[in-house]
Amino acid sequence: LKPLRFIDLVCYFDSSNTQKCMNIYSICGGNPGFWAYFDINESFRDNICRVFLHKESQLYKIGIHEVSTHLRELNVYTTLLASLAEGREKLNDIFNHTLYSRPKISVYLKNLMSHEYVEKVFSYEAPGDVNVKKGVYRISDPMLQFWFRFIYPHLGEIGIISAEEFYDKYIASDISLHTGQYFCKICNEYLHILNEKNCLPFVYSKCGEWVGKSGTIDIVAQNDKRDTLLGFCNYAYDGM
């Protein structure tokens, strides 16, 4: 089954609080099985503390559980996912961090991609490719991205410090950056709806992301005449 859309999540929670829905979507994505763990009436901080940051929490070890269900050599896969979650998108960056051989990394990344845990990102086609960043890998599952970015590196402290201390120490400062990644997906979804309803200056036939060496254009959309729509998605959240 394909992941459900952000608009489906909004309908599921029957909420007009777009920010709260966006926050939940940035962790759960389009998997309604995860939506049920979150309470739209609680703060984002309280939800994360309750769902992840106690040893009896429902999703305390969700990352390990997900990967171990389908793959062996758990230590290798968790190391690679943690490296990706911290923003090492290039094979060479992963190599320098893990010291695994490049051929080994490539094989394991392919296995992760076959289970749709990781995706290889291709930049939108543009004349010339001097400034394009090639061979970029990202975790495709929002839940795994969140868990390996914020929970996995400090898993041993859960149960030692309080959930609130853990959140304030390891999550609060960077949660806005995480949520912002998925804000782009929400913007893409909304743009697609407008495109289908002919509510844009032109109807585009291609849409993607331009991944540059010195920056990224979040949305690039074009029609057959090469009329171009560019979108930059900026999101700020105070972490509460």
Side-chain angles (χ1 to χ4, degrees), residues 3-11 13 15-31 35 38 40 43-48 84-90 93 118-126 131-134 136-150 167-168 170-197 199-204 206-223 227-240:
L4 298 182
R5 301 171 300 169
F6 173 69
I7 195 170
D8 297 316
L9 181 145
V10 173
C11 293
F13 285 107
S15 174
S16 60
N17 192 320
T18 305
Q19 179 170 301
K20 282 192 172 184
C21 290
M22 287 168 53
N23 292 338
I24 294 172
Y25 185 79
S26 75
I27 294 181
C28 300
N31 186 334
W35 300 351
F38 285 75
I40 197 67
S43 70
F44 195 30
R45 179 177 184 264
D46 288 346
N47 267 301
I48 291 174
L84 287 167
E86 291 176 357
R88 298 177 183 89
E89 299 180 332
K90 301 278 290 180
D93 295 333
V118 169
E119 61 184 346
K120 189 171 184 179
V121 179
F122 295 94
S123 186
Y124 190 90
E125 297 177 7
N131 296 311
V132 172
K133 188 187 291 185
K134 298 179 181 178
V136 175
Y137 297 90
R138 292 178 187 163
I139 296 176
S140 52
D141 185 321
M143 178 64 74
L144 291 184
Q145 171 64 29
F146 171 82
W147 194 86
F148 278 99
R149 171 65 182 85
F150 295 106
Y167 182 93
D168 294 340
Y170 297 119
I171 299 177
S173 61
D174 289 331
I175 192 63
S176 180
L177 294 175
H178 170 84
T179 306
Q181 291 177 297
Y182 299 96
F183 176 57
C184 293
K185 292 183 180 294
I186 294 169
C187 291
N188 260 298
E189 181 184 310
Y190 181 62
L191 199 65
H192 183 65
I193 293 172
L194 294 179
N195 192 55
E196 289 184 329
K197 293 180 178 293
C199 294
L200 299 173
F202 59 88
V203 176
Y204 63 78
K206 296 190 299 182
C207 186
E209 171 189 8
W210 188 81
V211 184
K213 295 178 181 177
S214 58
T216 297
I217 301 176
D218 300 309
I219 299 172
V220 182
Q222 288 184 328
N223 62 12
D227 294 324
T228 304
L229 184 153
L230 302 178
F232 295 90
C233 307
N234 296 313
Y235 179 79
Y237 171 64
D238 62 10
M240 298 303 288

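On a predicted model such as this, the values are computed, not experimentally measured, just so you know. Index from 1, following the sequence.
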Approximate separation, where rounding is to 0.5 Å, of [X] [atom1] and [Y] [atom2]:
X	Y	atom1	atom2	result
Cys207	Asn223	SG	CG	12.0 Å
Leu194	Leu229	CG	CG	10.0 Å
Gln181	Ile139	CD	CD1	9.0 Å
Ser43	Lys20	OG	NZ	7.0 Å
Asn31	Leu4	CG	CG	8.0 Å
Ile219	Thr228	CD1	OG1	13.5 Å

Quiz item: Tyr235 vs Phe183 aromatic rings, parallel, tilted or perpendicular, using cut-offs 30° and 60°?
Solution: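 If you compare the ring of Tyr235 with that of Phe183, the planes turn out tilted.
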Quiz item: Parallel, tilted or perpendicular for Phe146 and His178, by the 30°/60° rule?
Solution: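 The arrangement is perpendicular - the two ring planes meet at more than 60°.
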Do [X] and [Y] touch side chain to side chain, with heavy atoms closer than 4.5 Å?
X	Y	answer
Tyr167	Ile48	yes
Val132	Ser123	yes
Glu89	Tyr137	no
Asp227	Gln222	no

I'd like to know if the side chain of [X] and the backbone of [Y] have a donor-acceptor N/O pair within less than 3.5 Å.
X	Y	value
Asp174	Leu177	no
Trp35	Ile24	no
Asn47	Phe38	no
Asn23	Phe44	no
Thr216	Asp218	no
Gln145	Ala85	yes

Exercise. Go through Cys21 and Ile40 one step at a time and tell me if the side chain to side chain contact (heavy atoms under 4.5 Å, CB included) criterion holds.
Key: CA-CA 7 Å; Cys21 290; Ile40 197 67; 4.1 Å; yes
Self-check item: Candidate list Cys187, Cys28, Ser26, test side chain to side chain contact (heavy atoms under 4.5 Å, CB included), partner Tyr182, passing option
Solution: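 Looking at Cys187, Cys28, Ser26, the match for Tyr182 under the side chain to side chain contact (heavy atoms under 4.5 Å, CB included) is Ser26.
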Quiz item: Between Glu209 and Arg138, is there a salt bridge with N-O shorter than 4.0 Å?
Solution: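 Answer for the salt bridge query: yes.
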Quiz prompt | Step-by-step side chain to side chain contact (heavy atoms under 4.5 Å, CB included) determination, Trp147 to Ile27 | solution = CA-CA 9 Å; Trp147 194 86; Ile27 294 181; over 6 Å; no
Quiz item: Above 12 or not: heavy atoms from other molecules or residues under 6.0 Å from CZ of Phe232?
Solution: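 Counting other residues, nucleotides and ligands, CZ of Phe232 exceeds 12 neighbours.
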Quiz item: Are more than 12 heavy atoms from other residues, nucleotides or ligands located less than 6.0 Å from atom CD1 of Ile7?
Solution: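 Not buried by this count: 12 neighbours or fewer within 6.0 Å.
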Quiz item: Centres of the Phe6 and Tyr25 rings: under 6.0 Å?
Solution: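 For Phe6 and Tyr25, the ring centres are under 6.0 Å apart.
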Quiz prompt | side chain to side chain contact (heavy atoms under 4.5 Å, CB included) between Leu84 and Val118, worked out | solution = CA-CA 9 Å; Leu84 287 167; Val118 169; 3.7 Å; yes
